[in-house]
Amino acid sequence: MKTLTEWFVQGMTQQEYISSMTKNREEMLGVYNKFQLEDMDKEFLHQLHSRELRALVLTADWCGDAMVNLPIFMRIANEALIEVRYFIRDENLELMDRYLTNGKSRSIPIIVLVDKNGEEVGKWGPRAPEAQKLADELFGSLPAKGTPEFEAAFKEAIPQFQKNLLENRELHAAICADMISSLK
């Protein structure tokens with residue numbers, strides 16, 4: 001089994017990941033360009049410089065959660081000088097399967113934080129509690145999964161969820177706060 005350091009050196013840089021995107025690139029960059037960290041958060045993140053943290057991010061460009069979470073994390077990582085590598089979920093199942101949500105789901109994004117020795121020191125993902133609450137409210141009222149009605153209702157709900165993810169500034173702030181709390 002590969003160590004996290006061995007995985008890290010095989011990952012894509014932020015530039016490589018963004019360049020490889022075929023879906024949601026403009027939307028993700030839109031969130032990145034609009035989102036700004038608070039001064040108080042910047043002060044905390046600057047204190048992390050000496051920890052020499054690195055992050056492994058499991059993601060995929062089709063993922064709506066990644067579309068909003070990753071640009072916020074990119075801002076955090078830039079400010080904290082966290083070196084980041086990106087891994088496409090379906091191309092890195094051995095790594096993904098170490099970080100299953102609830103022990104069974106390959107939910108993304110997952111952000112794994114490691115120290116300079118390659119030891120895991122934190123994990124975040126796939127959603128902040130506020131985003132999960134939004135998803136539960138929107139998708140909880142859908143017909144049962146596996147029924148013929150589910151697929152159509154799900155396809156109808158997705159654009160509304162993504163619009164909220166992209167435009168809800170309060171949600172962005174809550175995601176940022178949740179990510180920063182995983183660094184404390």
Side-chain angles (χ1 to χ4, degrees), residues 2 4-37 54-80 82-102 104-114 123-128 130-132 134-136 138-139 142 145-146 150-169 171-176 178-179 182:
K2 287 185 202 173
L4 291 174
T5 297
E6 290 169 327
W7 276 107
F8 183 84
V9 299
Q10 295 178 338
M12 291 185 280
T13 64
Q14 179 175 308
Q15 177 70 34
E16 290 168 334
Y17 174 66
I18 293 170
S19 294
S20 77
M21 293 178 77
T22 60
K23 295 183 179 125
N24 294 322
R25 182 187 333 193
E26 277 67 39
E27 293 85 351
M28 187 188 83
L29 291 174
V31 173
Y32 180 83
N33 289 329
K34 290 177 188 159
F35 182 76
Q36 298 297 319
L37 292 164
R54 294 178 291 164
L56 293 83
V57 177
L58 286 150
T59 189
D61 63 357
W62 51 259
C63 176
D65 287 304
M67 173 183 66
V68 70
N69 292 324
L70 293 189
I72 294 169
F73 182 70
M74 288 171 182
R75 289 278 184 204
I76 290 169
N78 290 343
E79 205 66 41
I82 297 171
E83 193 175 352
V84 184
R85 293 295 181 270
Y86 296 83
F87 300 84
I88 305 303
R89 180 192 74 177
D90 294 343
E91 296 171 11
N92 297 281
L93 294 179
E94 182 184 336
L95 179 60
M96 179 71 246
D97 288 349
R98 290 188 192 183
Y99 297 98
L100 298 175
T101 301
N102 300 323
K104 60 183 177 187
S105 300
R106 290 178 173 156
S107 302
I108 51 175
I110 298 292
I111 300 167
V112 181
L113 297 159
V114 297
K123 179 183 91 64
W124 186 91
R127 286 187 180 135
E130 294 80 357
Q132 186 61 51
L134 243 165
D136 291 345
L138 186 61
F139 300 122
L142 297 181
K145 203 171 191 173
F150 173 81
E151 194 65 33
F154 182 75
K155 283 182 180 174
E156 190 176 307
I158 284 291
Q160 181 183 349
F161 183 62
Q162 287 189 329
K163 183 178 187 328
N164 208 339
L165 287 177
L166 289 171
E167 297 175 4
N168 187 332
R169 299 283 173 96
L171 179 61
H172 297 174
I175 291 167
C176 181
D178 192 54
M179 286 180 176
S182 72

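The structure places CG of Asn69 at 11.0 Å from CE of Met74, a figure rounded to the nearest 0.5 Å. In this structure, CD in Glu167 is found 7.0 Å from NZ in Lys34, a value given to the nearest 0.5 Å. For the atom pair CE (Met179) and CD1 (Ile72), the distance works out to 6.0 Å, reported to the nearest 0.5 Å. Separation of atoms CD (Glu83) and CG (Leu56) is listed at 10.5 Å; rounding is to 0.5 Å.
No side-chain heavy atom of Gln162 sits less than 4.5 Å from a side-chain heavy atom of Glu27. Between Thr13 and Arg85, some side-chain heavy-atom pair lies under the 4.5 Å cut-off. Leu70 is listed as a side-chain neighbour of Tyr86, based on a closest heavy-atom distance under 4.5 Å. Contact of the Ile175 side chain with the Phe35 side chain is not registered, since no non-hydrogen atoms from C-beta on lie closer than 4.5 Å. For the pair Leu166/Val68, no side-chain contact is recorded, criterion being any heavy-atom separation below 4.5 Å from C-beta on. Taking 4.5 Å as the limit, every side-chain heavy atom of Trp62 sits out of range of all side-chain heavy atoms of Thr22. At least one side-chain heavy atom of Cys63 sits under 4.5 Å from a side-chain heavy atom of Ile108. Within the 4.5 Å cutoff, the side chain of Arg127 has no heavy atoms near those of the Leu134 side chain.
Both tests hold for Arg54 against Phe8: distance to the six-membered ring centre under 6.0 Å, angle to the ring axis within 45°.
Of all heavy-atom pairs between Ala131 and Leu171, the closest is N-CD1, 3.7 Å. Considering all non-hydrogen atoms of both residues, Ala60 and Ala66 come closest at O-CB, 3.9 Å. Counting all heavy atoms, side chain and backbone alike, Ala55 lies closest to Phe73 at CB-CZ, 3.8 Å. Between Ser107 and Met96, the shortest heavy-atom distance links the atoms O-CE, 3.7 Å. The shortest non-hydrogen separation linking Gly125 to Ile110 is C-CD1, 3.8 Å.
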From CA spacing to verdict: side-chain contact (heavy atoms from CB on, under 4.5 Å), Ile18, Arg25
CA-CA 7 Å; Ile18 293 170; Arg25 182 187 333 193; 4.1 Å; yes

Test side-chain contact (heavy atoms from CB on, under 4.5 Å) on Trp7 and Val114 and set out the steps.
CA-CA 11 Å; Trp7 276 107; Val114 297; over 6 Å; no

Quick one: do Lys123 and Arg98 satisfy side-chain contact (heavy atoms from CB on, under 4.5 Å)? Show the steps, please.
CA-CA 11 Å; Lys123 179 183 91 64; Arg98 290 188 192 183; over 6 Å; no

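When the shell of 6.0 Å around CD of Glu94 is examined, it contains more than 12 heavy atoms from other residues, nucleotides or ligands. Atom CD of Glu156 has 12 or fewer neighbouring heavy atoms from other residues, nucleotides or ligands inside a 6.0 Å radius. No more than 12 heavy-atom neighbours from other residues, nucleotides or ligands sit within 6.0 angstrom of NZ on Lys163.
Distance alone, capped at 3.5 Å, places no donor-acceptor pair between the Asn92 side chain and the Leu58 backbone. A donor-acceptor pair is defined here as one N or O able to donate and one able to accept, closer than 3.5 Å; such a pair exists between the side chain of His172 and the backbone of Leu165. A donor-acceptor pair under 3.5 Å is absent between the side-chain atoms of Asp178 and the main chain of Ala174, judged by distance alone. Side chain of Asp61 to backbone of Asn24: no donor-acceptor contact under 3.5 angstrom is found. A donor-acceptor contact shorter than 3.5 Å is absent between the side chain of Arg106 and the backbone of Asp97.
Counted by atom type alone, Ser20 and Glu16 present zero donor-acceptor pairs between their side chains at under 3.5 Å. With 3.5 Å as the limit, one finds no donor-acceptor pair spanning the side chains of Asn164 and Gln160.
Phe154 and Phe139 have tilted rings, their planes meeting at an angle from 30° to 60° on a 0 to 90° scale.
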